[in-house]
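I'd like to ask you about the structure that follows.
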Amino acid sequence: NAGVTQTPKFQVLKTGQSMTLQCAQDMNHEYMSWYRQDPGMGLRLIHYSVGAGITDQGEVPNGYNVSRSTTEDFPLRLLSAAPSQTSVYFCASSYSGLGGGNYGYTFGSGTRLTVV
Amino acid sequence: DAKTTQPNSMESNEEEPVHLPCNHSTISGTDYIHWYRQLPSQGPEYVIHGLTSNVNNRMASLAIAEDRKSSTLILHRATLRDAAVYYCILRGPYGGSQGNLIFGKGTKLSVKP
């Protein structure tokens, strides 16, 4: 049982480049989310999904796109990287449904992104 | 979104119990109280959650006030490995945005040997 797997672990981009951060979970969780964490700060929600084919914006969605074609995968796309997107990115997943509040989230180990 | 209030930091001695408080005066009747922790340079880790009754697991205990406006995470015997930022978060029971975790600044716990 691998849990939530994020790739890559580290990435350096040049301003204007695009890339995709990968997130996969093997727990059949409906909920999946992307967060960013800047130095010394808490996590901020970028985008989330409550199931395959359904995505929505979180607190800080600008500059990022997501899609959810399968239950397992939830990639995060940076369209045109900017230095302000230098951060650590975490993916998380959880069960959903009417009892959703009664389930905890599982987090990946993060992707450390630097935009120069 | 419902909010929580936690102290910015707390200190504890190794092998002593730690009580981490959280206030959530605007909690709704269907919000679950979740606790997560984040060790240095790691992703957040689920600790415990509850609705109304006190809860215990291998990591910690959660004591919930009768009016549900506050809760306390209890680490029974702190170790150096428990030094982390602890987040108290309310999670709604249904699908959609209420099911998201919205993080505050949490409580930074330091454990002294």
Legend entry - Residues from residues 103-113 of chain B approaching chain A under 4.5 Å (heavy atoms): Phe103(B), Gly104(B)
Legend entry - Side-chain donor/acceptor of Ser49(A) to backbone N/O of Ile54(A), under 3.5 Å: yes
Inset, instruction - Flag the one option from Arg44(A), Glu59(A), Met41(A), Gln6(A) with the top tally of heavy-atom pairs under 4.5 Å to chain B. - result: Glu59(A)
Legend entry - Proximal component of Leu51(B), with respect to chain A [non-hydrogen, under 4.5 Å]: neither
Legend entry - Side-chain (Gln6(B)) to main-chain (Cys88(B)) donor-acceptor, under 3.5 angstrom: yes
Legend entry - Ser61(B) vs His76(B), side-chain hydrogen bond (donor to acceptor under 3.5 Å, both in side chains): CA-CA, chis, key distance, verdict: CA-CA 8 Å; Ser61(B) 296; His76(B) 295 286; 2.6 Å; yes
Legend entry - Chi angles and distances behind the side-chain hydrogen bond (donor to acceptor under 3.5 Å, both in side chains) call for Asn23(B), Ser70(B): CA-CA 4 Å; Asn23(B) 288 318; Ser70(B) 66; 4.5 Å; no
Inset, instruction - Check whether Leu43(A) gets within reach of chain B through its side chain, its backbone, both or neither, counting any heavy atom under 4.5 Å. - result: both
Inset, instruction - Examine Arg68(B) relative to Tyr32(B) and say whether NZ or CZ is less than 6.0 Å from the centre of the six-membered ring and inside a 45° cone about the ring axis. - result: no
Inset, instruction - Report the relative orientation of the aromatic rings in Phe107(A) and Tyr35(A); use parallel for angles under 30°, tilted for 30 to 60°, perpendicular for over 60°. - result: tilted
Inset, instruction - Name the orientation class of the two ring planes belonging to Tyr46(B) and His34(B) (parallel below 30°, tilted from 30 to 60°, perpendicular beyond 60°). - result: perpendicular
Inset, instruction - Can you see which heavy atom on Ala60(B) is nearest to which on Val47(B), and at what distance? - result: CB-CG1, 3.9 Å
Legend entry - Region of Tyr105(A) in contact with chain B, defined by heavy-atom distances below 4.5 Å: both
